**Q** 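Encoded as structure tokens, here's the structure I'll be asking about.
We're numbering straight along the sequence, starting at 1. Not measured: the values here are computed from a predicted model.
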Amino acid sequence: MNSATVRSLLVRGMLAGLGAGLLALVVAYLLGEPRVDAAIAYEEAHAAGAPEMEIVSRSLQSTAGLATGVLVFGVSLGGIAALAYCFALGRVGRFSPRATAALLSGVALVAVYLVPFLKYPANPPSVGDPETIGKRTTLYFLMMALSVLLAVASVIVGKRLAPRLGNWYATVVAVLGFAVAVGLAFAFLPAVNEVPEDFSATLLWQFRLAALAIQLTLWTSFGLLFGHLAERLLHPKPATATPREAAPETAASVH
């Protein structure tokens with residue numbers, strides 16, 4: 001793949017990431033922000049002493065701040081995913097550009113977000129000890145790094161086993177190996193549970209479902225949008241002649 005194609009895919013990946021970010025922004029605003037407001041209300045009700053002065057107003061956080069964060073994340077995600085796509089295309093199997101984009105998005109959703117989420121799920125404001133935020137952040141990114149490395153290793157193992165076992169059984173072995181390795185990581189990494197005893201379990205569950213819905217929307221829409229753009233770039237449809245253009249050619253061939 002030449003540099004011009006890589007550059008074109010990178011631009012299309014960032015555009016697809018922007019489009020996916022817009023859709024995720026709608027989900028975040030409709031599903032996530034009401035739960036954040038409820039969690040902040042709980043925190044303020046249980047705070048000792050006078051509330052701290054807001055540096056950035058809550059209304060700004062939930063509108064311009066949310067939009068900036070989600071859209072910048074979407075564009076960055078699109079660029080990184082496009083570069084990974086350039087490396088993966090043709091190396092993970094004989095898939096079309098569109099199918100490769102869908103596969104890459106699905107694997108990224110599982111490895112980058114879903115696996116770390118299952119071990120260290122998202123928490124709303126007022127959940128978590130401020131003194132342990134460094135430890136919790138380190139554990140989360142460690143789980144993410146392990147998940148990505150294990151996913152890459154599983155793809156390599158599956159590809160090497162395919163000539164002997166066939167694509168189906170090689171895929172099954174690779175997926176099972178990934179699941180076992182992730183299970184061991186879950187078992188050995190320390191658990192974190194800092195939810196206050198009187199915090200609403202319903203609110204916590206709704207917040208985590210909203211966080212999952214945002215990521216699902218982001219990665220799914222990115223896979224569909226980028227797959228369409230990549231397919232048009234790499235496998236363009238041949239131009240068809242219009243009836244007016246075809247008529248002179250037909251007349252010339254008759255004469």
**Q** At what distance, to the nearest 0.5 angstrom, does CG of Leu216 lie from OG of Ser105?
**A**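 Reported to 0.5 Å precision, the distance equals 11.0 Å.
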**Q** Is Tyr169 isolated, or which residues cluster with it under the ILVMFWY side-chain rule of less than 4.5 Å, directly or via members?
**A**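 Taking Ile, Leu, Val, Met, Phe, Trp and Tyr as members, Tyr169 shares its hydrophobic cluster with Val157, Leu161, Leu165, Trp168, Val172, Val173, Leu176.
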**Q** Using modelled atom types and a 3.5 Å cut-off, is there a donor and acceptor pairing between side-chain atoms of Tyr120 and backbone atoms of Thr137?
**A**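 No, Tyr120 side chain to Thr137 backbone: no donor-acceptor pair under 3.5 Å.
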**Q** Taking all non-hydrogen atoms of both residues into account, name the closest pair between Tyr85 and Ala101 and its distance.
**A**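 So the two residues come closest at CE1-N, 3.5 Å.
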**Q** Quick one: does Thr132's side chain have a donor or acceptor within less than 3.5 Å of a partner on Lys135's backbone?
**A**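 A pair under 3.5 Å: no.
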**Q** With a 4.5 Å cut-off on side-chain heavy-atom distances among I, L, V, M, F, W and Y, is there a chain of contacts connecting Phe178 to Tyr113?
**A**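 Yes; Tyr113 is reachable from Phe178 via cluster members.
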**Q** For residues Met143 and Leu139, determine if any side-chain heavy atom of one lies less than 4.5 Å from a side-chain heavy atom of the other.
**A**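 Of all side-chain heavy-atom pairs linking Leu139 with Met143, none is under 4.5 Å.
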**Q** Answer whether the closest heavy-atom distance between the side chains of Leu218 and Phe73 falls below 4.5 Å.
**A**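 SC-SC contact between Leu218 and Phe73 confirmed.
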**Q** Distance check, rounded to the nearest 0.5 Å: Leu114 atom CG versus Leu212 atom CG?
**A**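 Leu114 CG to Leu212 CG: 6.5 Å, rounded to 0.5 Å.
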**Q** At their closest point, which heavy atom of Ala111 faces which heavy atom of Ser147, and how far apart are they?
**A**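 Closest heavy-atom pair between Ala111 and Ser147: O-OG, 2.7 Å.
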**Q** Ignoring hydrogens, what is the shortest heavy-atom contact between Pro121 and Arg208? Give both atom names and the distance.
**A**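 Looking at all heavy atoms of both residues, the shortest contact is CG-CZ, 3.5 Å.
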**Q** Could you measure the distance from the CZ atom of Arg7 to the OG1 atom of Thr5? Nearest 0.5 Å is fine.
**A**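 Reported to 0.5 Å precision, the distance equals 9.0 Å.
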**Q** Rounded to the nearest 0.5 Å, what's the gap from CZ on Arg98 to CG on Leu229? Could you check?
**A**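 Here the interatomic distance stands at 9.5 Å.
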**Q** About how many Å separate CG of Asn123 and CZ of Arg136, when rounded to the nearest 0.5 Å?
**A**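 With rounding to 0.5 Å, CZ (Arg136) is 7.5 Å from CG (Asn123).
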**Q** Which distance, rounded to the nearest 0.5 Å, do you find between the NZ of Lys159 and the CG of Asn167?
**A**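 That separation rounds to 11.0 Å.
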**Q** How far apart are the C-alpha atoms of Val115 and Leu146, what are their side-chain angles, what is the distance that settles it, and do they pass the side chain to side chain contact (heavy atoms under 4.5 Å, CB included) test?
**A** CA-CA 10 Å; Val115 169; Leu146 286 174; over 6 Å; no
**Q** Any side-chain heavy atom of Leu234 sitting closer than 4.5 Å to one from Leu89?
**A**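 In contact.
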**Q** What pair of heavy atoms forms the shortest contact from Ala174 to Ser154, and how long is it?
**A**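 Smallest heavy-atom distance, with atoms named: CB-O, 3.3 Å.
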**Q** Grouping I, L, V, M, F, W and Y whenever their side-chain heavy atoms are under 4.5 Å apart, do Leu184 and Leu150 come out in a common cluster?
**A**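 No.
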**Q** Please determine whether residues Phe222 and Leu224 belong to a single hydrophobic cluster, defined as Ile, Leu, Val, Met, Phe, Trp and Tyr linked transitively by side-chain heavy-atom distances below 4.5 Å.
**A**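 In one cluster with Phe222: Leu224, no.
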**Q** Would you mind writing out the side-chain donor-acceptor pairs for residues 9-36 within the sub-3.5 Å range, not counting sequence neighbours?
**A**
residue: Arg12; atom: NH1; partner: Ser8; partner atom: O; Å: 3.3
residue: Glu33; atom: OE1; partner: Arg58; partner atom: NH1; Å: 3.4
residue: Glu33; atom: OE1; partner: Arg58; partner atom: NH2; Å: 2.3
residue: Arg35; atom: NE; partner: Gln206; partner atom: OE1; Å: 3.4
residue: Arg35; atom: NH1; partner: Leu31; partner atom: O; Å: 3.1

**Q** Would you say Thr138's side chain and Gly134's backbone share a donor-acceptor pair under 3.5 angstrom?
**A**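 Yes, because the side chain of Thr138 sits within donor-acceptor range (under 3.5 Å) of the backbone of Gly134.
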**Q** Can you see which heavy atom on Trp219 is nearest to which on Ala108, and at what distance?
**A**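 Scanning both residues completely, I find the closest heavy atoms to be CZ3-CB, 3.3 Å.
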**Q** Would a single hydrophobic cluster contain both Ile80 and Leu77, if residues Ile, Leu, Val, Met, Phe, Trp and Tyr are joined by side-chain heavy-atom contacts under 4.5 Å?
**A**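 Leu77 does not cluster with Ile80.
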**Q** Identify the heavy atoms of Phe186 and Lys119 that sit nearest to each other, and give their distance.
**A**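 Heavy-atom minimum between the residues: O-NZ, 2.7 Å.
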**Q** Which residue is it: Phe207, Trp205, Tyr42? I am looking for the one with a ring-ring contact (aromatic ring centres under 6.0 Å, His included) to Phe199.
**A**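 Single ring-ring contact (aromatic ring centres under 6.0 Å, His included) partner of Phe199 among Phe207, Trp205, Tyr42: Tyr42.
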